[in-house]
Amino acid sequence: MDEITAGRARWQARYDASRVRDGEFTTLSGLEVEPVYGPAAPDPRFERIGWPGEFPFTRGLYATGYRGKPWTIRQFAGFGNARQTNERYKMILSAGGGGLSVAFDMPTLMGRDSDDPRALGEVGHCGVAIDSAADMDELFEGIPLGDVTTSMTISGPAIPIFCMYLVAAERQGVPIGSLDGTLQTDIFKEYIAQKEWLFPPNPHLRLIGDLMEFCAAEIPAYKPLSVSGYHIREAGSTAAQELAFTLADGFGYVELGLSRGLDVDRFAPGLSFFFDAHIDFFEEIAKFRAARRIWARWMRDVYGAKSEKAQWLRFHTQTAGVSLTAQQPDNNIVRTAVEALAAVLGGTNSLHTNALDEVLALPSAKAAEIALRTQQVIMEETEVANVVDPLGGSWYVEALTDRLEAEAEAIFTKIREMGTDGTMTSGILRGIEDGWFMSEIAEAAFDYQRKLEKGEKKIVGVNCHTGTVEEPLEILRISHEVEVEQKRVLAERRATRDQAAVDVALARMIEAARSDANMIGPILEACRAEATLGEICGALRDEWGDYMEPPRF
Ligand SMILES: CC(C)(COP(=O)(O)OP(=O)(O)OC[C@H]1O[C@@H](n2cnc3c(N)ncnc32)[C@H](O)[C@@H]1OP(=O)(O)O)[C@@H](O)C(=O)NCCC(=O)NCCSC(=O)CCC(=O)O
């Protein structure tokens with residue numbers, strides 16, 4: 001039997017052993033479609049590409065693709081206080097959202113309480129304000145945490161926020177071992193692009209190692225890391241840089257797990273990824289396919305992962321916020337639809353579609369609903385979910401996939417060479433310290449901007465096809481009352497909690513910080529005692545110090 005026939009037989013066996021959702025898998029005009037298409041005759045490219053559901057997973061993780069399960073519709077949302085955001089979550093779930101994704105406000109992202117002087121004017125603005133486990137209870141009130149997978153986008157203070165989420169689950173009566181969800185936690189990309197860290201890199205990495213250890217042992221389905229290229233791309237990187245920097249960061253976390261003596265086949269399934277879907281349709285599809293292939297190969301060949309789940313790159317995608325325009329904002333619906341389709345054709349596991357007004361403010365309820373419906377149109381009407389990796393074998397897409405893979409490999413070599421001991425981690429830390437990542441991204445952003453200004457690259461409504469007379473958009477505005485009320489509630493909670501229990505828990509946490517002990521238990525205790533996020537992070541800042549980025553011109 002030749003390799004094509006043998007491969008197809010392997011795929012068929014996997015497909016037959018899998019569950020397929022009910023549905024009519026035909027074109028709109030009624031033609032039956034196969035679950036997958038492949039070459040009819042031997043093709044030299046095929047070994048690199050493979051079949052869906054098998055190494056190197058270029059064509060997807062599952063033999064069934066979206067016939068097995070469609071991607072998760074996971075709309076990133078949060079604003080004002082926990083009660084307001086809870087209402088938005090219930091709206092998203094009742095409108096067909098498949099999972100939740102929490103956006104926190106800036107003080108929370110920086111580990112500060114709502115009454116911190118630095119929080120002034122920011123409470124509830126770019127996400128929801130969470131000060132303690134009691135806010136987390138309110139955030140998920142009436143939403144069974146055992147049944148809904150919840151992603152939380154936070155990295156600097158990821159661990160105390162995660163512990164508050166565990167406390168909220170305990171208070172709902174959900175066993176924490178049964179939870180499934182994702183925590184962003186990706187501190188490398190904070191230093192590289194988003195700039196929301198709390199401490200120097202080493203204490204952050206220690207906490208992340210503690211979290212990986214805890215989750216691998218206690219909450220096997222939970223993904224404690226969502227390694228993020230989104231913010232790298234939004235900062236102006238190219239697609240190849242996004243791919244390479246993100247996967248390099250992922251390798252850094254694998255090296256961290258291995259350095260802690262953890263079993264790669266146990267902890268690697270907890271590593272998840274998050275990419276941008278930008279407007280160049282085919283380049284984005286190729287990027288997602290290349291990402292799966294590179295990750296599988298490195299995990300197997302460099303880091304010794306044996307199980308398929310440890311070789312899988314699972315990812316969430318968000319359409320490109322940076323591609324949205326304030327001019328002619330209705331056009332953003334079209335951009336988002338094209339980008340979302342690229343994510344789906346690239347085999348994303350989970351997807352957020354941006355709202356048309358996100359360039360101006362957090363989404364209004366109406367804009368949020370259109371964004372959600374955009375995914376549903378793709379899922380329910382277009383028939384694209386009938387066939388796994390429908391663009392596999394396209395000369396263009398396969399060539400771009402190879403090209404992006406080669407570009408990423410060249411960047412990996414550069415990063416490793418920057419380090420002192422041949423590891424990816426050492427190269428990443430050196431690149432952060434030297435401002436190398438930042439200047440690579442800045443160069444790419446500058447180059448693109450120059451092309452826009454020369455008219456070599458075009459954006460409708462910005463440097464071409466301008467001149468539409470526009471109505472002002474109704475946008476969501478967050479009242480200052482939210483901040484006043486959040487501070488009042490926080491003061492009341494501080495006055496009524498058992499202060500001695502808080503003091504003891506915080507002292508134990510610092511004791512643990514000074515030892516080699518795993519920090520998750522003590523931080524969880526502090527959250528159970530209603531210590532606030534600012535108190536927990538403040539005590540750790542006092543212990544570990546702050547981090548100043550080296551200036552670079
Ligand atoms: C793994 C992902 C990517 C997706 O998880 P999900 O649970 O949604 O989906 P999933 O794992 O693909 O699927 C759920 C289960 O179904 C199974 N499954 C899926 N497809 C299948 C198929 N065809 N056949 C058989 N089983 C299948 C999976 O293996 C899994 O089960 P098992 O578990 O048993 O295997 C996770 O990490 C995630 O949800 N990430 C979201 C991150 C996020 O929302 N970030 C927002 C950032 S927003 C941000 O940063 C701000 C940006 C800004 O500034 O605007």
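All values below come from the heavy atoms of this structure, side chains included, with hydrogens, waters and symmetry mates left out. In listed order, ligands and their atoms are each counted from 1. Fair warning: this is a prediction, and the values are worked out from it, not measured in the lab.
Ring pair Phe245/Phe188: centre-to-centre distance not below 6.0 Å. Trp312 and Tyr62 have their aromatic ring centers within a separation under 6.0 angstrom.
Ring-plane geometry between Trp197 and Tyr547 is classed as perpendicular, the angle between the planes exceeding 60 degrees on a 0 to 90 degree scale with a lower cut at 30. Below 30°, between 30° and 60°, or above 60°: for Tyr222 and Phe162 the angle between ring planes is between 30° and 60°, a tilted geometry. Between Phe57 and Phe55, the two ring planes are perpendicular [angle over 60°; tilted spans 30° to 60°].
In the vicinity of Ser151, heavy-atom distances shorter than 4.0 Å reach the ligand 1 atoms 41 (C), 42 (C), 43 (C), 44 (O), 45 (N). Every atom of ligand 1 is numbered from 1 in the order shown, and the set under 4.0 Å from a heavy atom of Gly65 is 23 (N). Close approach of ligand 1 to Ser101 is summarised as follows: ligand atoms under 4.0 Å from at least one heavy atom of the residue are 44 (O), 46 (C). Near Lys309, meaning under 4.0 Å from one of its heavy atoms, ligand 1 places the atoms 32 (P), 34 (O), 35 (O). Heavy-atom contacts of Thr153 reach the following atoms of ligand 1: 45 (N), 46 (C), 47 (C), 48 (S), 49 (C), 50 (O) (cutoff under 4.0 Å). The contact set between ligand 1 and Thr72, taken as ligand atoms under 4.0 Å from a residue heavy atom, comprises 6 (P), 8 (O), 9 (O). Close contacts of ligand 1 with Thr64, meaning ligand atoms under 4.0 Å from a residue heavy atom, involve 22 (C), 23 (N), 24 (N). Short contacts between ligand 1 and Phe315, defined as distances under 4.0 Å to a heavy atom of the residue, involve ligand atoms 3 (C).
Contacts between His231 and ligand 1, counted as non-hydrogen atom pairs separated by less than 4.0 Å, involve the side chain only. Residue contacts with ligand 1, taken as heavy atom pairs separated by less than 4.0 Å, involve His316 via backbone and side-chain atoms alike. When non-hydrogen atoms are compared, ligand 1 lies under 4.0 Å from neither the backbone nor the side chain of Glu234. Under 4.0 angstrom from ligand 1, the non-hydrogen atoms of Tyr230 all belong to its side chain.
Sparse packing is recorded around NZ of Lys366, with 12 or fewer heavy atoms of other residues, nucleotides or ligands lying under 6.0 Å away.
Among the atoms of Ser226, none of the N or O lies under 3.5 angstrom from an N or O of ligand 1. Considering backbone and side-chain N/O atoms, Thr149 never comes within less than 3.5 Å of an N/O atom of ligand 1.
For atom 7 (O) of ligand 1, the nearest non-hydrogen atom from the set Gln194, Arg314, His352, Arg74 belongs to Arg74. In the candidate list Leu61, Thr150, Val322, Thr182, Thr182 is nearest to atom 38 (C) of ligand 1, counting heavy atoms.
With hydrogens and angles left out, the side-chain atoms of Tyr191 and Glu549 include no donor and acceptor closer than 3.5 Å. At a cut-off of 3.5 Å, with distance as the only test, no side-chain donor of Asn354 or Thr336 sits close to an acceptor on the other residue. Between the side chains of Arg335 and Ser323, no donor-acceptor pair of N or O atoms lies under 3.5 Å.
The nearest protein atom to atom 55 (O) of ligand 1, hydrogens excluded, is given as Gln318 NE2, 3.1 Å; this is a heavy-atom distance. In this structure, atom 29 (O) of ligand 1 lies nearest to the protein heavy atom Tyr62 OH, 2.6 Å. Of all protein heavy atoms, the one lying nearest to atom 2 (C) of ligand 1 is Ser272 OG, 4.0 Å. Closest protein heavy atom to atom 14 (C) of ligand 1: Lys69 CE, 3.7 Å. Shortest contact from atom 4 (C) of ligand 1 to any protein heavy atom: Ser350 CB, 3.8 Å.
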Quiz item: For Val388 and Thr64, what are the C-alpha separation, side-chain angles and deciding distance, and is it a side chain to side chain contact (heavy atoms under 4.5 Å, CB included)?
Solution: CA-CA 7 Å; Val388 196; Thr64 51; 5.9 Å; no

Exercise. Could you check Glu242 against Lys189 for salt bridge (Lys or Arg N to Asp or Glu O under 4.0 Å), going step by step and ending with a plain yes or no?
Key: CA-CA 11 Å; Glu242 177 195 359; Lys189 77 93 171 59; over 6 Å; no

Quiz prompt | Test salt bridge (Lys or Arg N to Asp or Glu O under 4.0 Å) applied to Lys223 and Asp180, step by step | solution = CA-CA 7 Å; Lys223 271 70 72 182; Asp180 188 356; 3.0 Å; yes

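The one candidate from Gln194, Gln318, His316, His352 that meets the side-chain hydrogen bond (donor to acceptor under 3.5 Å, both in side chains) condition with Tyr230 is Gln318.
Contact annotation: Arg67 has no heavy atom less than 4.0 Å from any atom of ligand 1.
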